[in-house]
Amino acid sequence: MELRLPVPCLVVLVGPSGSGKSTWAASMFHASEVVSSDRLRGMVGAGEDDQQAGTAAFAILDQMVAERMRRGLTTVIDTLGFDGDNRRRWVGMAHEAGIPAFAVLFDTPATEIRARNAGRVHPIPKTVIDRQIGRFRSIPREIEDDGFDQMLTEQPVSTATPTVMAASTPKPLQGSPPSPAGHRFGLVVNRFDWGDRTEMASRLSSIAQRAEKAGFTDLWVMDHFQQIPQVGRAWEDMPEAYVTLSFLAGVTGSIKLGALVTSIGHRHPVVLGKMVATLDVLSGGRVLLGLGIGWHRKEQEGFGIPYLPVAQRYDVLEDTLRMLPLLWGKGSPSFEGATFSAPELVCYPRPVQEHIPILIGGSGEKRTLPLAARYADACNLFGKPDVIQRKVEVLRKHCSEIERDPDEVEVTHLVDAMVASDRKALRERVDRLRGRNTTVEQFLARHNAGLVEDQLEHFAAYHQAGASHSMVVLPDAHLEGSIETFGLVIGAMTRP
């Protein structure tokens, strides 16, 4: 069982020469994360055993640690770790940057240390090794006063982002499932920068079919006319949402399809309802309708589409929610709303589904969640588990006020995630995908990257917070093995 450390963190290794510190660091961390006094002596002196280069090496080491702490980078200090002033200075650097610091003690048997030393090309004098072994005995007591967040003994460790580590499950809501069994997953495709646009169809088809096979119950795209700044550059490819969903309907067989979420300002509500009904027929009854008031003012105004004030957009959303059941129902009823009217709602073919599920996106407690409580089959929330839990409590309150069973409104949440089967594969995938100016720590945090076991705890926390359906953005969805590995998470959480 590996002990998880947060990313970023400072790790100070403490132990005699030959106790295994460098070997342990190389097996547990990436080479770029390890700052070694021996290696620095070799760079500024005649070799790693050049003791006369020690002063210069430690001066550089201090500068490196200070800069890495400033930039929020995980750092492992590989020295003897015997000097208390050095340890306390490093801990101070870490804490000033808001980074936790850990000491790892290597209490290796003296006989093993001496045997390793004897096998060196340039052995350390026996008297020096004996002094180090003796000195180490007093170290644990000294370190207690250094300010480390935790003192550890040599053991396997892994790192995880704070979000993943914070997946200590919150207290379950009354009436929520006690275990994550039955949790559902949707895949959100929010980027199409996979290369030449002539390959977009084949790559998107592959993603959709792999997602269906891996156990995702639904597949979503964004309803935007250009890429949004939170995800990428405005000039990246961004295919129109409902044309894309129509294509996906033709290359899949069972996975449900939707836009997360459709902006009510992008199309006339009646036209949108007709489009959704048609897609439901052509997909064999697999449409989910995500709806929201929209937020990207520049996008709409750039296309010459009026961008209404917030209050008016909420009025359009409510009118749309009232109108759609009439449009999709029998006959040709009229509709009179606060923002638009329709004298004759005719929709043939009618949807295959007797009731097309409607999801409302957003976490607003005054307008969005009350609308979800009154009209929606699902809501889509944002935030960490503690935030989700608070929003769920608000949603339940709104449901009780109109005497609706809160369990009738499915709670979903949107989250980035990246998963790998082992630490080496995770680091290789991160290095492949992160931008030149993005640190490993920044990429890990942004995408909640971790191993399968990390993600199981991560999503279990959301489930216990009241969200039974996760809409997941996989930054590596287009790469072979990514969706399949996440399928391990799905399998573990969906089986009873």
Might you point out which heavy atoms bring [X] and [Y] nearest each other, and give the distance in Å?
X      : Y      : value
Ala56  : Val44  : CB-CG2, 4.2 Å
Met200 : Pro239 : SD-CG, 4.0 Å
Asp83  : Asp85  : OD1-N, 2.9 Å
Val91  : Ala101 : CG2-CB, 4.2 Å
His95  : Gly147 : CE1-O, 3.0 Å
Asn437 : Gln442 : O-OE1, 3.9 Å

Any chance the rings of Phe486 and Phe185 have centres within less than 6.0 Å?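 Distance test on ring centres: under 6.0 Å, yes.
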Give a yes or no on this: more than 12 heavy atoms of other residues, nucleotides or ligands lie within 6.0 Å of atom CD of Glu484.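 Enclosed: over 12 neighbouring heavy atoms sit under 6.0 Å from CD of Glu484.
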Are Thr159 and Arg4 close enough, and set up right, to give a side-chain contact (heavy atoms from CB on, under 4.5 Å), and what steps lead you there? CA-CA 5 Å; Thr159 54; Arg4 287 188 300 182; over 6 Å; no
Strictly by modelled atom types, are Glu212 and Ser254 linked by a side-chain donor-acceptor pair under 3.5 Å?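 Glu212 vs Ser254: donor-acceptor pair found between side chains.
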What distance separates Ile133 CD1 from Arg135 CZ, expressed to the nearest 0.5 Å?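 Spacing of CD1 (Ile133) from CZ (Arg135) equals 14.0 Å.
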Between [X] (side chain) and [Y] (backbone), is there a donor-acceptor pair under 3.5 Å?
X      : Y      : result
Arg210 : Ala477 : yes
Ser19  : Pro16  : yes
Asp223 : Ser263 : yes
Asp146 : Phe148 : no

